Asker: 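Take a look at the following structure, please.
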Protein chains: 2
Amino acid sequence: MIQLTPAEESYLKAIYHISDGGKRSVSTNDISFQMKTKPASVSDMLRRLGEKEVIEYRKYYGVNITEEGKKLALQTIRKHRLWEVFLVEKLRFSWDEVHEVADELEHIKSKLLIQRLDEYLGFPKFDPHGDPIPDEYGDVRSRPRLTLSELDINATGQLVAVKDSSAAFLRYLDKVGAYIGARIKVLDKVEFDGSVEILVDNKKTIFMSKDVAGNVLVMV
Amino acid sequence: MIQLTPAEESYLKAIYHISDGGKRSVSTNDISFQMKTKPASVSDMLRRLGEKEVIEYRKYYGVNITEEGKKLALQTIRKHRLWEVFLVEKLRFSWDEVHEVADELEHIKSKLLIQRLDEYLGFPKFDPHGDPIPDEYGDVRSRPRLTLSELDINATGQLVAVKDSSAAFLRYLDKVGAYIGARIKVLDKVEFDGSVEILVDNKKTIFMSKDVAGNVLVMV
DNA sequence: ATTTATTTTTCGATTAGGCTAAAAAAGTTA
DNA sequence: TAACTTTTTTAGCCTAATCGAAAAATAAAT
């Protein structure tokens, strides 16, 4: 079994995400931006990840994640999201507080710990942001999702995820009264600026700009 | 505020324990044994911990932990023991399985996490081995404790901790039917080998050698 | 098709943590 | 006190992860 260091796990996870699950190849600069490290550091890390054969690395041409790499990335993502569920559901963290802590917790190496945590949380299938939690074997149960912008007037749905899960964006959503799990209905769409008016939980009406609505994912 | 690396935290915790809470000074070899690292590595670490002024380090003469060092060590111990409670009470770990995992978890750096965990666990005062959990400020509520060997015949008490919390020893105790929290009564003490016969929870009679009984702590 | 700009890599350093082998200090014994 | 033993430290080297500066490769623009 390939053993990765915590830093290697983090980089691999980032590559998995940026490549959209391995669909696209990823550049050094993109990784550098995501990881908040310098390109020089990324190059070095890519060499190491290439040697461990979790990515395919052609100098100057970006990287592609291998099948083995995907499996390992999904295991890290699984751990990350299970811890997020724990933090939100058991320790009353809000969804914009969980990221950093989960980034540390995801590197704890006990297999038993994750099994028991999963069980303790009732085998959740989605994390607090609505993203699916891979199972032990890396399989994900994904839900068909649309952005709020794509919904027609009078369409209803449930807010299940956000594309941009930055703390700032999450706080903003909370502030306007939206949250993962909220039942929503599209009341109106403004043509000229792409903004939408939605009803949250049949009681509160809020407005969202085109940019915000395009980042909110809804299950119909 | 002094920031310690995970390795520094571990060494400092070891020094705190070996010195019995700062009462004795500690030798390089003792630390080396406890940490399973070479004496050369310990010397190096002591230099660093000395520079950060969490220990007082006089070359060739062992180290003493400073007041600042005690505070930091107690914070790590607090985190370690809270995680142990979590693992045992919530995730159904047995007491001999918690050590390694808690050794990793204790280095997670979120203050909010520990506050919430403490609250979630109901502000426990003792860990699964019966050792006291320091509060946020490093204060410990210790219980008067005796070793099982020190009890007289017919004395009763509650098994509250073990001196040697190695996995082997904990497994052995489990096997013979003893556990933290058990009500015990001394039925007999054998003079010539120092062994004792005890009744556990008013139903099971077990024998313990002098060595074992000397490692079991009882609250009378 | 050159030149210019951008991206990526390499090189040399640094810090943290570990190791081995050798030197030095302290402790013990004759 | 001298010699030997044990403990501790130093010195030099290793890996992981980072950085800045410089070089190299690719991409874009004239």
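Labels below follow one simple rule: chain letters A, B, ... track the order of the sequence lines, proteins then strands, and each chain is numbered from 1. Only a predicted model underlies this, so the values are computations on that prediction, with no experimental measurement involved.
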Asker: Below 4.0 angstrom, which residues in residues 18-28 of chain B have at least one non-hydrogen atom near DNA chain C?
Answerer: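 Nucleic-acid contacts, sorted: none.
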
Asker: Please list, chain by chain and in numerical order, all residues satisfying side-chain hydrogen bond (donor to acceptor under 3.5 Å, both in side chains) with B/R116, sequence neighbours excluded.
Answerer: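 None.
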
Asker: Check ring-ring contact (aromatic ring centres under 6.0 Å, His included) between A/H129 and all other residues, then give those that pass, not counting sequence neighbours.
Answerer: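 Testing A/H129 for ring-ring contact (aromatic ring centres under 6.0 Å, His included), a comparison that skips the adjacent residues, returns A/H99.
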
Asker: Base, backbone or nothing for each nucleotide of nucleotides 16-26 of chain D, written B, S, -, heavy atoms under 4.0 angstrom, 5' to 3'?
Answerer: SSBBBB---SS

Asker: Keeping to residues at least two apart or across chains, list the ring pair (Phe, Tyr, Trp, His ring centres under 6.0 Å) pairs with something in residues 20-65 of chain B.
Answerer: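 Those involving residues 20-65 of chain B do not exist here.
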
Asker: Going by side-chain hydrogen bond (donor to acceptor under 3.5 Å, both in side chains), name the residues that satisfy it together with A/T28, two or more places apart in sequence or in a different chain.
Answerer: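 In terms of side-chain hydrogen bond (donor to acceptor under 3.5 Å, both in side chains), with neighbours along the sequence ignored, A/T28 is linked to no residue.
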
Asker: Rounded to whole angstrom units, what separation is found between the CG atom of B/L49 and the P atom of D/dT9?
Answerer: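 It is 13 Å, rounded to the nearest whole Å.
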
Asker: Taking distance alone, no hydrogens or angles, what donor-acceptor pairs closer than 3.5 Å link side-chain atoms of residues 40-50 of chain B to residues at least two apart or in another chain?
Answerer:
| residue | atom | partner | partner atom | Å |
| --- | --- | --- | --- | --- |
| B/D44 | OD2 | B/R48 | NH1 | 3.1 |
| B/R47 | NH1 | B/E51 | OE2 | 3.4 |

Asker: Per the salt bridge (Lys or Arg N to Asp or Glu O under 4.0 Å) rule, what does the pair list look like for residues 120-130 of chain B, sequence neighbours excluded?
Answerer: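 Sorted pair list: B/R81-B/D127.
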
Asker: Can you list everything that forms a ring-ring contact (aromatic ring centres under 6.0 Å, His included) with A/F86? Sequence neighbours excluded, please.
Answerer: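 By the ring-ring contact (aromatic ring centres under 6.0 Å, His included) rule, A/F86 matches A/W83, B/F86.
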
Asker: Any salt bridge (Lys or Arg N to Asp or Glu O under 4.0 Å) pairs touching residues 158-172 of chain B, not counting sequence neighbours?
Answerer: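 Checked against salt bridge (Lys or Arg N to Asp or Glu O under 4.0 Å) - neighbours excluded - the pairs reaching residues 158-172 of chain B are B/D96-B/R171.
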
Asker: Along DNA chain C, 5' to 3', what are the outermost nucleotides having an atom less than 4.0 Å from a heavy atom of chain A?
Answerer: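 Boundary nucleotides touching chain A, in 5' to 3' order, are C/dT7 to C/dT10.
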
Asker: Apply salt bridge (charged side-chain N to carboxylate O under 4.0 Å, His left out) to A/E68 and list each qualifying residue two or more places apart in sequence or on a separate chain.
Answerer: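 With sequence neighbours excluded, A/E68 shows a salt bridge (charged side-chain N to carboxylate O under 4.0 Å, His left out) to A/K71, given in chain and number order.
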
Asker: Please find the pair of heavy atoms, one from B/L87 and one from B/A102, that lie closest to each other, and give the distance.
Answerer: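 For B/L87 versus B/A102, the nearest heavy atoms are CD1-N, 4.2 Å.
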
